[in-house]
Amino acid sequence: MELREILEKTRAMGGSDIFIIPGSPVMAKVNGCLKPVAEERALPADTERLIRQTYELARERDMRLLMENGDDDFSFSLERMCRFRCNAYQQRGTLAASYRVVAFGLPDPDAVHIPPLVMELAEKRNGMILVTGPAGSGKSTTLACMVDRINATRAGHIITIEDPIEYLHQHRMSLVSQREVPNDAPTFARALRAALRQAPDVIMLGEMRDHETMQTAITAAETGHLLLSSLHTIGAAKTIDRIVDAFPANQQGQVRIQLSMVLRAVISQRLVPAREGGQVPVFEVMTVNSAIQNMIRDGKTHQIDNVIYSGMADRTMLSMDNELLRLFKEGRITKENALLYAINPDALRKRLPM
């Protein structure tokens with residue numbers, strides 16, 4: 001099969017991801033399950049041919065980046081179909097690739113089950129909002145929806161820094177500049193430092209990957225900008241600890257103080273297998289109040305889960321375990337999956353009906 005045929009067939013199947021790996025048929029992930037797109041196993045020569053076709057579709061992308069670095073991350077479009085995010089890589093001396101299907105146009109927050117509480121956070125004017133979760137949990141979609149809400153409701157300059165660019169934003173009430181690493185800037189940290197000189201009102205940083213980027217992001221939030229970003233962590237407490245632990249020990253106290261002042265919210269999300277097939281998104285939302293500020297500053301992040309539970313009463317927060325319990329009671333997920341994806345499975349087990 002040719003690459004275009006594979007992409008078109010996966011799209012028709014409703015697939016979210018494609019895997020081209022030597023020794024296996026080309027596979028697509030459909031509703032969380034792997035299904036073959038082609039019958040025959042792909043040989044190393046087949047995968048190399050398909051990946052070369054990928055670079056031809058990407059046009060401006062140079063395949064030497066893959067050969068020199070061992071992996072490469074980029075995006076490309078098929079006319080009148082959709083966009084694809086590709087990560088091509090070397091494995092055991094051969095070439096392989098995975099693709100994420102990204103629809104043209106921005107998703108409807110209601111259609112992808114993003115809670116209203118999350119979208120309301122887009123009304124913040126300054127500080128840092130983090131969207132966290134494992135790879136493939138929908139963080140980029142949530143960030144894109146928040147940026148679109150800002151773009152549609154107020155005037156300003158929005159700068160996105162991504163690797164690669166997934167969703168394309170049009171100028172609406174705001175102006176939107178979209179920069180891609182490494183095509184438009186060599187690193188996230190450099191693009192972020194440059195963004196501070198480009199008169200932004202909102203900065204969307206695709207991912208905070210290292211100490212330097214985290215430090216610059218905190219500085220951007222301190223100087224009055226609204227900064228949105230993501231991390232591969234699960235839960236608000238682990239997210240804060242992950243940022244603090246990225247700094248040398250002698251700087252961690254100062255970083256805790258800075259975080260307590262600039263952090264506005266942490267959104268954690270996961271995709272849980274649904275009882276009837278497919279996947280259900282589950283969210284945790286921690287909005288920072290004075291109690292959480294004190295816990296961040298004093299290094300007592302282990303107490304944050306208790307504050308999230310108490311904040312559910314006035315609907316300023318969402319607990320992931322409580323959302324799992326709700327989905328189980330509604331018959332949308334199984335008891336086993338509720339416990340598997342819980343932050344505190346022992347506590348949730350006591351609350352689940354027998």
Side-chain (D71) to main-chain (A88) donor-acceptor, under 3.5 angstrom: no

N/O donor-acceptor pair under 3.5 Å between T94 side chain and Q90 backbone: no

Taking atom types as modelled and ignoring hydrogens, do the side chains of E207 and S230 form a donor-acceptor contact shorter than 3.5 angstrom? no

Please report the interatomic distance CG(L66) to CD1(I51), rounded to the nearest 0.5 Å. 7.0 Å

Which is it for D148 and Y167 under the side chain to side chain donor-acceptor pair (under 3.5 Å) test, yes or no, and what are the steps along the way? CA-CA 10 Å; D148 188 53; Y167 295 98; over 6 Å; no

Salt bridge (charged side-chain N to carboxylate O under 4.0 Å, His left out) between R275 and E336: does it pass, once the steps are laid out? CA-CA 10 Å; R275 186 187 293 272; E336 291 74 21; over 6 Å; no

Any side-chain to backbone donor/acceptor pair from D184 onto E180? Under 3.5 Å, distance only. yes

Mind checking whether L3 and V102 sit in one hydrophobic cluster, side chains of I, L, V, M, F, W, Y counted as touching below 4.5 Å? no

Apart from F19 itself, members of its ILVMFWY cluster (side-chain separation under 4.5 Å) are I21, M27, L34, Y89

Indicate if Y55 and L50 have the same hydrophobic cluster label, given that clusters are the connected sets of ILVMFWY residues with side-chain heavy-atom separations under 4.5 angstrom. yes

Without hydrogens or angle criteria, can the side chains of S24 and R41 be said to hold a donor-acceptor pair below 3.5 Å? no

Could you walk me through whether D346 and R349 pass the salt bridge (charged side-chain N to carboxylate O under 4.0 Å, His left out) test, one step at a time? CA-CA 5 Å; D346 291 336; R349 184 178 287 107; 3.2 Å; yes

Just verifying a value: how many Å separate K335 NZ and L325 CG, rounded to the nearest 0.5 Å? 11.0 Å

Take R264 and N126 through the test side chain to side chain donor-acceptor pair (under 3.5 Å) and record every step on the way to the result. CA-CA 8 Å; R264 298 290 177 263; N126 55 52; 3.0 Å; yes

Would you call D163-R209 a salt bridge at under 4.0 Å N-O? yes

Look only at the side chain of H113 and the backbone of P281, and say whether a donor-acceptor pair between them is shorter than 3.5 Å. no

In terms of hydrophobic clusters joined by side-chain contacts under 4.5 Å, are V112 and L121 together? yes

Among T239, V288, I296, whose side-chain contact (heavy atoms from CB on, under 4.5 Å) with L259 holds? I296

Distance from L228 atom CG to I129 atom CD1, nearest 0.5 Å? 5.5 Å

Between Y99 and the options T10, D17, T54, N87, the side-chain contact (heavy atoms from CB on, under 4.5 Å) test singles out T54

Walk me through it: do R83 and S77 pass the test side chain to side chain donor-acceptor pair (under 3.5 Å)? CA-CA 4 Å; R83 289 172 59 78; S77 302; 3.0 Å; yes

Just checking, any donor-acceptor pair under 3.5 angstrom between side chains of S177 and H157? yes

For the residue pair R85 and S75, confirm or rule out a side-chain donor-acceptor distance under 3.5 Å. no

Should E5 and K9 count as an ion pair when the cut-off is N to O under 4.0 Å? no

Take atom CE of M261 as the centre, draw a 6.0 Å sphere, and report whether it contains more than 12 heavy atoms from other residues, nucleotides or ligands. no

Side chains of E284 and Q269: donor-acceptor distance under 3.5 Å anywhere? no

Taking NZ, NE, NH1 and NH2 as the nitrogens, is one of them in E330 or R326 under 4.0 Å from a carboxylate oxygen of the other? yes

Check the side chains of R351 and N322 for a donor-acceptor pair under 3.5 angstrom, ignoring hydrogens and angles. yes

To the nearest 0.5 angstrom, please state how far the CG atom of L231 sits from the CD1 atom of I243. 5.0 Å

Is the shortest distance from a Lys or Arg side-chain nitrogen in R100 or E166 to a carboxylate oxygen in the other one below 4.0 Å? no

Less than 4.0 Å between a side-chain N and a carboxylate O, is that true for R11 and E8? no

Would you check if the side chain of T132 reaches a backbone N or O of I267 as a donor-acceptor pair within less than 3.5 Å? yes

Return yes when atom CD of E40 has more than 12 non-hydrogen atoms of other residues, nucleotides or ligands closer than 6.0 Å, and no otherwise. no

Verify whether one side chain among H225 and T223 offers a donor that lies under 3.5 Å from an acceptor in the other. yes

